[in-house]
Structure formats: structure tokens, C-alpha cells
Number of protein chains: 2
Amino acid sequence: MDEKADKEGEEFKVVSEGLEQKRNVAWRTFLTAHAAAIEKIERDLAEAEVLPLSWYDVLLALYEAPDHKLRMHELAGAILVTRGGLTRLVARIERAGLLSREPDPDDGRGLHAVLTGEGLESLRSTWPVYAGGIAEHFGHHLTDEEVEVLDRALRRVLAAAREG
Amino acid sequence: MDEKADKEGEEFKVVSEGLEQKRNVAWRTFLTAHAAAIEKIERDLAEAEVLPLSWYDVLLALYEAPDHKLRMHELAGAILVTRGGLTRLVARIERAGLLSREPDPDDGRGLHAVLTGEGLESLRSTWPVYAGGIAEHFGHHLTDEEVEVLDRALRRVLAAAREG
DNA sequence: CAAAACCAGTTGTAGATACAACGAATTGCT
DNA sequence: AGCAATTCGTTGTATCTACAACTGGTTTTG
């Protein structure tokens, strides 16, 4: 770790070259802002004793689906989790009574995860807390225009990841 | 789950009320874009058999510190992880020889995590892959102006989380 | 129609994280 | 100096996740 090594090191640092530099810096900001905001919001949710984000995501996906039900693999795709992980996540939520699993009559392999009344109730009680967290730790710090730009830009990032 | 329940349900959906709506939609875009981009980049890193992001973060933080060393709690703060988690993460990285732990001569409780030559080498071989991933899955999809806005806006989000 | 290929969901295993409780060391107060 | 409070890092425990192998059901194909 001598002088020379340090000098060469500059070449790979995130803060490095010309135009790319700003994108890399923005990437780091993106990562840390995400981590920090998520942490705050999860803490708010835990303190209010409502659903954690992972459960909320599952139940909201079901809520938004036709008949409030989805096949397991559809659900896995909707919330960006592996099928294996989803099996256990859904099992936990089912154990809490917030959704139920029903066999698909048209496909013996398949299961539907279905939102229960209790699950809907949990969504309702969680949302105000979640919305408050989003506002306090995210939305409140952005101008209307920034919200617009951010949404539009990140949609392209998302679309690219979905395709590639 | 009758008609009435559905109608009331609209009230708590993320796509809901006036001005707040756009911020909530942007929040969801923010979350999913982050998850999708991270997943792609982690996959690139794994395929290239270089460091995963969590290790990279630790080693980069050390690299950027004076003498390439940091106390454990400083490191924990720098990469947004709990101390308990850091203990094990650092243990794994140390086992791989990419950093070493040295007692702090000035404080018997404290340890320094120090970047090793091998760790520096790993950082160097990882960065091109990482940079490629950032460009492909993030930077490439944004205009200069969007990068600017995004960085500026998310810095405020980050700062707020750091304070509050 | 039977065998192969494929697909859905689960499970074994390993790894990683958070929270809280702990032991060791330091600091501050009197 | 001496004791209480604080800080540092680790560890016990519980949760949670991913990956790959596996079971059972479905579709394809010769």
C-alpha cells in the first residue's frame, strides 16, 4: 500500500472519470438514500405495529389483482422475489391469517394466494402509517418537478431491467 | 370482500389522493427500480466472480479512509449496517484475507479494520465489472440533466434520514 | 398413448441480517 | 481513587433470503 498503489487506486474509485463520474456518484446517492429511507420507514411501521414492507407488498399485489387473488409465480414476479422465498413468505402471512392458499381448479400444480378480510383490514391500518413514512422520509424533500423527473427516469431504469 | 369494501379500499391504495399521489407513485418506482437494478448488478458481479456489493462497500469505505483503516463502529456507520451485522461481515471478509483486524493501541475496546493488499487487488478487479453494471443498468438510461436532478434530490432525502 | 420435456411450488441447506443481552474497557463524577 | 454510566465489539437467537434439488402435474411429441 505505497504511494504508487494509492495513485493507481484513483483510477478505480467511484469518483473517477469525466462524464461517467456524475452517474457513478448519483448511483451511490441512489443506494444510500434508498437504504436510509427504507430503514426509517420500516422503523415507523414496526413502532406502529403494522405490517412490515414485505408483507404489505404481498397483500397490496393481491389487493390490486382481479378477485384479490394471484398464482404464486405471478406474485413472485410482481414483488421481485424468488419462488422459493415466496413460498415461505406466503406461508408466514397465511399463518397470520392475512391470506389463504387455494388450489387452482384449472391447473393441479397451481395455487392461488387470496387476500382475506383480515388481510384487507391490515392493509387499511398499515397504509396511513406507510403513507406518512413516505411523505416524511421521501416525498417531503422533493419538489413537484423532481418527483416528475425521478419517476420518469427510474421507470426507464426499471423497464430496462425487466427486458434485459 | 363485497362491493362496498372494494370502494372503501380505494382510499388507501397507493394511487390515491391528489398531489400526494404522484409522490407515492414515484416512491414505488423508486423501490422497484432499485430492486431491479441491484439484482442485475449483483448478478453481473457474481458471474464475473468478483466481490459482492456488501464486500465492495466495506472495502471501498476502508480504501477511502485515512491509512485505509477504520474503527468498527465508523465502518458500521459508513455502510449503514448494524454493529452486530458488521462483526460477522468483517469476519467473513477477513477469512478471505481481504482485510485484517488490528487492536487500537489507544483504546482497548476498539479494533481497526485494515485493508490488505489482497483486498485492494479485489477492489481493483471488481470495479470495472461494477462500473459496467452501473452504466448498463442505471446510468445509460438517464440524461445528464436527470442525473443531476436525481443526485441533488436524493441527497436531501439522505440528509433528512441522517438527521431525523 | 407413452415417454420426454417442461412447469409449479416446496424444501434442504447455507448464508446473511437485526435485535437484544453480554463482557470488557473507558470515561465521568464525586 | 472508586464506582456508575457509557461505549465497543461480539454472540445467542430468531427471521429471512437465495440457490439448487426434488415432487407432482401438465404439455409436447413421436
Side-chain angles (χ1 to χ4, degrees), chain A residues 31 34-36 38-47 49 51-58 61-62 69-96 98-114, chain B residues 31 34-36 38-47 49 51-58 61-62 69-96 98-114:
Chain A
L31 289 189
H34 174 269
I38 283 283
E39 202 231 308
K40 289 284 184 184
I41 291 178
E42 286 274 25
R43 197 167 297 272
D44 288 353
L45 294 172
E47 273 169 18
E49 296 183 327
L51 302 172
L53 279 185
S54 59
W55 290 34
Y56 189 84
D57 287 346
V58 168
L62 292 182
K69 67 169 62 172
L70 282 176
R71 284 287 296 272
M72 293 293 282
H73 68 277
E74 295 174 315
L75 190 48
I79 65 172
L80 297 174
V81 83
T82 62
R83 290 191 322 246
L86 185 64
T87 292
R88 276 139 172 158
L89 178 54
V90 164
R92 288 192 295 273
I93 301 177
E94 185 180 37
R95 223 173 294 135
L98 309 187
L99 60 75
S100 62
R101 276 183 289 195
E102 302 178 354
D104 184 333
D106 299 336
D107 187 337
R109 299 166 299 184
L111 290 179
H112 286 287
V114 189
Chain B
L31 290 189
H34 174 269
I38 284 283
E39 203 232 306
K40 289 283 184 185
I41 291 177
E42 286 275 25
R43 197 166 296 271
D44 287 353
L45 295 172
E47 273 170 16
E49 295 181 330
L51 302 173
L53 280 185
S54 58
W55 290 33
Y56 188 85
D57 288 346
V58 167
L62 292 182
K69 68 169 60 172
L70 281 177
R71 284 289 295 274
M72 292 294 281
H73 68 278
E74 295 173 317
L75 190 47
I79 66 173
L80 297 175
V81 85
T82 61
R83 283 180 327 201
L86 185 66
T87 293
R88 278 141 170 154
L89 178 54
V90 163
R92 288 192 295 273
I93 301 177
E94 185 180 35
R95 223 172 294 134
L98 308 186
L99 61 76
S100 62
R101 276 182 289 194
E102 302 177 355
D104 184 335
D106 299 335
D107 186 337
R109 299 166 298 181
L111 290 178
H112 286 287
V114 189

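Just so we're on the same page: letters track the sequence lines, and every chain starts at 1.
- Between A:R101 atom CZ and C:dG9 atom C1' the separation is 9 Å, expressed in whole Å.
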In a table with atom names and distances, give each donor-acceptor pair under 3.5 Å that connects a side chain of residues 72-93 of chain A to protein atoms at least two apart or in another chain.
residue: A:E74; atom: OE1; partner: A:R71; partner atom: N; Å: 2.8
residue: A:T82; atom: OG1; partner: A:G85; partner atom: N; Å: 3.2
residue: A:T87; atom: OG1; partner: A:R83; partner atom: O; Å: 3.2

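- Side-chain nitrogen and oxygen atoms of B:R92 include at least one within less than 4.0 Å of the OP1 or OP2 phosphate oxygen of C:dT17.
- We find that CG of B:L89 is positioned 14 Å from P of D:dG9, with the value rounded to whole Å.
- At least one side-chain nitrogen or oxygen of B:T82 sits closer than 4.0 Å to the OP1 or OP2 atom of C:dA18.
- Remark: C1' of C:dA25 and CZ of B:R83 are 14 Å apart, rounded to the nearest angstrom.
- For B:T87, no side-chain nitrogen or oxygen approaches OP1 or OP2 of D:dG9 to under 4.0 Å.
- When rounded to the nearest whole Å, the span between CH2 of B:W55 and C1' of C:dG15 equals 11 Å.
- Side-chain N/O atoms of B:H73 include one lying less than 4.0 angstrom from OP1 or OP2 on D:dG9.
- At the heavy-atom level, A:D107 lies under 4.0 Å from the strands shown only through sugar-phosphate atoms.
- Base engagement by A:G84 is indicated by at least one non-hydrogen atom pair under 4.0 Å involving a base atom.
- Separating the CG atom of A:L80 from the C1' atom of D:dT17 is a distance of 14 Å, rounded to the nearest angstrom.
- At the heavy-atom level, B:R88 lies under 4.0 Å from base atoms of the strands shown.
- When the P atom of C:dA18 is taken as reference, atom CZ of A:R43 falls 10 Å away, rounded to whole Å.
- Between the side chain of A:R109 and the base of C:dG9 there is no donor-acceptor pair of N/O atoms closer than 3.5 Å.
- Ranked by how close their nearest DNA chain C nucleotide is to the 5' end, A:E74 and B:L86 are led by A:E74.
- Both B:G110 and A:P52 lie near DNA chain D, and the one whose nearest nucleotide falls closer to the 5' end is B:G110.
- Rounded to whole angstrom, the span from the CD1 atom of B:I93 across to the P atom of C:dA16 amounts to 10 Å.
- A:L62 CG to A:H112 NE2: the interatomic distance, rounded to the nearest 0.5 Å, is 11.5 Å.
- Separating the CG atom of A:L51 from the P atom of D:dC16 is a distance of 12 Å, rounded to the nearest angstrom.
- Side-chain contact check for B:H34 versus A:L31: some heavy-atom pair is nearer than 4.5 Å.
- With hydrogens and angles disregarded, a donor-acceptor distance shorter than 3.5 Å links the side chain of A:E94 to the backbone of A:R101.
- Separation of atoms NZ (A:K40) and CG (A:L45) is listed at 13.5 Å; rounding is to 0.5 Å.
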